[in-house]
Amino acid sequence: MSVVRIELPHCTYDVLIEPGALTRLGEVVRACAPHKRCGLLADPAVAQPWGELARQSLVRAGYGVAQVALEPGEKHKTLAAVERIYGALAEARLERRSPLIALGGGVTGDTVGFVAATWLRGVPFVQCPTTLLAMVDASVGGKVGVNLPAGKNLVGAFYQPVAVVIDPRVLGTLPARELGCGLAESIKHGVLGDPALLDLIERRMSELRGRDPQALAELVHRNVVVKAGVVMRDERESGERAHLNLGHTFAHAIEATMGYGELLHGEAVGLGLIAAAELAHRTGLCGAPLVARLRALVAAAGLPLTAALPDDEVLWAAMQRDKKVADDRLRFVLPEREGRVRMRDDLSRADVSAAWRAIRA
Ligand SMILES: NC(=O)c1ccc[n+]([C@@H]2O[C@H](COP(=O)([O-])OP(=O)(O)OC[C@H]3O[C@@H](n4cnc5c(N)ncnc54)[C@H](O)[C@@H]3O)[C@@H](O)[C@H]2O)c1
Ligand SMILES: [Zn+2]
């Protein structure tokens with residue numbers, strides 16, 4: 001088993017990564033949030049067999065388990081869903097010390113995390129991510145929240161879990177496209193902080209895509225180390241945490257203009273990584289080999305290399321609307337070399353257009 005400890009000024013928690021970890025969920029929860037009852041809030045897509053394994057483990061550890069089935073998908077990451085969950089928790093008479101366990105992908109983790117941050121003014125919660133994207137990204141770092149009609153993730157909090165339990169075996173049932181999305185965020189972490197992670201993805205791509213639990217455990221471990229390092233140095237995104245937006249200025253514009261659902265988030269991130277590398281190369285920040293390597297990685301992960309993008313005007317406007325625009329200047333995180341990125345806010349519109357051209361079908 002591997003354990004990554006996250007130490008913040010106000011709390012410390014462990015991320016446990018191990019094939020089979022789900023069967024030990026109960027003892028882990030008992031060690032950090034002992035109580036007679038708990039809430040298990042799961043995405044119905046993972047109810048069988050993973051939800052049942054989780055429930056049995058919690059029962060073995062002595063918990064009375066109140067189960068709440070969530071409505072799946074990004075369209076249910078809303079305040080309405082949050083209100084419905086509060087109602088279910090009240091009905092189940094969960095108390096201030098009853099932990100909540102989020103079992104599902106990033107939608108589940110973000111929504112349940114927001115519920116945990118606000119229900120009874122904050123209760124302990126455990127992240128039990130079931131998508132690769134949630135394992136390598138969403139479940140670590142304490143950003144929780146929901147969407148509004150006006151935009152994604154506009155309501156939320158920084159609220160850290162008491163533990164994160166990751167069982168790579170659950171990825172056995174994850175659709176291939178969703179697995180690719182987690183690989184895109186993994187490539188991102190490699191570029192911004194860990195060259196060896198890029199080597200690992202290259203070397204073991206077929207095992208990863210074949211859901212080999214040991215290869216996935218190693219992948220997740222390295223990712224969590226990168227993300228945890230960034231979060232520990234800058235929990236509230238006043239500086240370095242913005243590096244995690246590598247590729248996302250492009251990705252968000254793609255998602256917003258092509259309609260959510262056309263491309264999955266990770267697929268847009270794969271395209272965004274290529275565009276960011278092209279932009280970096282064009283402005284002299286990185287060499288051509290890095291651009292080529294990133295393209296090859298994105299392709300090997302089964303992610304698209306181009307998309308039928310709208311016109312530049314439309315993309316430019318979407319980038320301006322993105323909430324990461326500071327003081328009216330577009331800020332890009334760009335790769336400098338493997339494992340190192342840099343923030344730039346002085347790029348010309350012509351350079352940005354050229355980057356879009358590189359990924360336009
Ligand atoms: N909090 C953060 O720091 C952070 C970081 C990145 C992303 N996010 C958020 O995460 C969300 C995306 O997360 P996601 O990609 O995990 O999406 P998701 O939770 O919607 O899961 C993707 C799909 O996979 C299904 N699924 C999940 N686990 C499965 C399994 N083991 N087997 C079969 N099917 C399974 C789900 O039902 C869903 O259809 C977005 O809302 C995004 O904003 C948050
Ligand atoms: Zn992302």
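Reckoned from all heavy atoms, side chains included, excluding hydrogens, waters and symmetry mates. Remember, it's 1-based here, ligands and their atoms both numbered in the order they're listed.
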Suppose we measure from atom 34 (N) of ligand 1 to each protein heavy atom; which comes out shortest, and what is that distance?
Pro175 CD, 3.8 Å
Nearest non-hydrogen protein atom, atom 10 (O) of ligand 1
Gly106 CA, 3.3 Å
Please write down residue, atom name and distance for the protein heavy atom closest to atom 26 (N) of ligand 1.
Leu174 CD1, 3.9 Å
Report yes or no: do His10 and Glu235 form a side-chain donor-acceptor pair below 3.5 Å?
yes
How far is atom 32 (N) of ligand 1 from its nearest protein heavy atom, and which residue and atom is that?
Thr173 OG1, 2.7 Å
Restricting to N, O or S, what is the name of the atom of His265 that lies nearest the Zn ion (ligand 2)?
NE2
Mind checking whether Asn147 contacts ligand 1 via backbone (N, CA, C, O), side chain (CB onward), both or neither, at a 4.0 Å heavy-atom cut-off?
neither
Taking Arg37 for its side chain and Arg97 for its backbone only, find out whether a donor-acceptor pair lies under 3.5 Å.
no
Geometric N/O contact Asp137 with ligand 1, under 3.5 angstrom:
no
Name the closest protein heavy atom to atom 40 (C) of ligand 1, giving the residue it belongs to and the distance to 0.1 Å.
Glu74 OE1, 3.2 Å
Heavy-atom nearest neighbour in the protein, as seen from atom 23 (C) of ligand 1, with distance rounded to 0.1 Å
Glu178 OE2, 3.5 Å
Between Phe250 and Phe332, does the ring centre distance come in under 6.0 Å?
yes
Considering only protein heavy atoms, which is closest to atom 42 (C) of ligand 1, and at what distance to one decimal place?
Lys77 NZ, 3.8 Å
Spatial distance of atom OG1 (Thr131) from atom CD (Glu185) [nearest 0.5 Å]:
10.0 Å
No-hydrogen, no-angle side-chain donor-acceptor test under 3.5 Å, Glu52 and Gln56:
yes
Would Lys77 and Asn153 count as having a side-chain donor-acceptor pair, cut-off 3.5 Å?
yes
Does either side chain, that of His243 or that of His189, offer a donor lying less than 3.5 Å from an acceptor on the other one?
no
Quick one: is the NZ or CZ of Arg30 closer than 6.0 Å to the six-membered ring centre of Tyr63, and within 45° of its axis?
yes
Tell me: protein heavy atom nearest atom 9 (C) of ligand 1, and distance?
Asp110 OD2, 3.3 Å
Given 3.5 Å as the limit, does a donor-acceptor pair link the side chain of Arg360 with the main chain of Pro310, or not?
yes
Which segment of Asp43 sits under 4.0 Å of ligand 1 when only heavy atoms are counted:
side chain
Atom name of the N, O or S atom in Glu185 that lies nearest to the Zn ion (ligand 2)
OE2
At the 4.0 Å heavy-atom cut-off, does Lys227 count as touching ligand 1?
yes
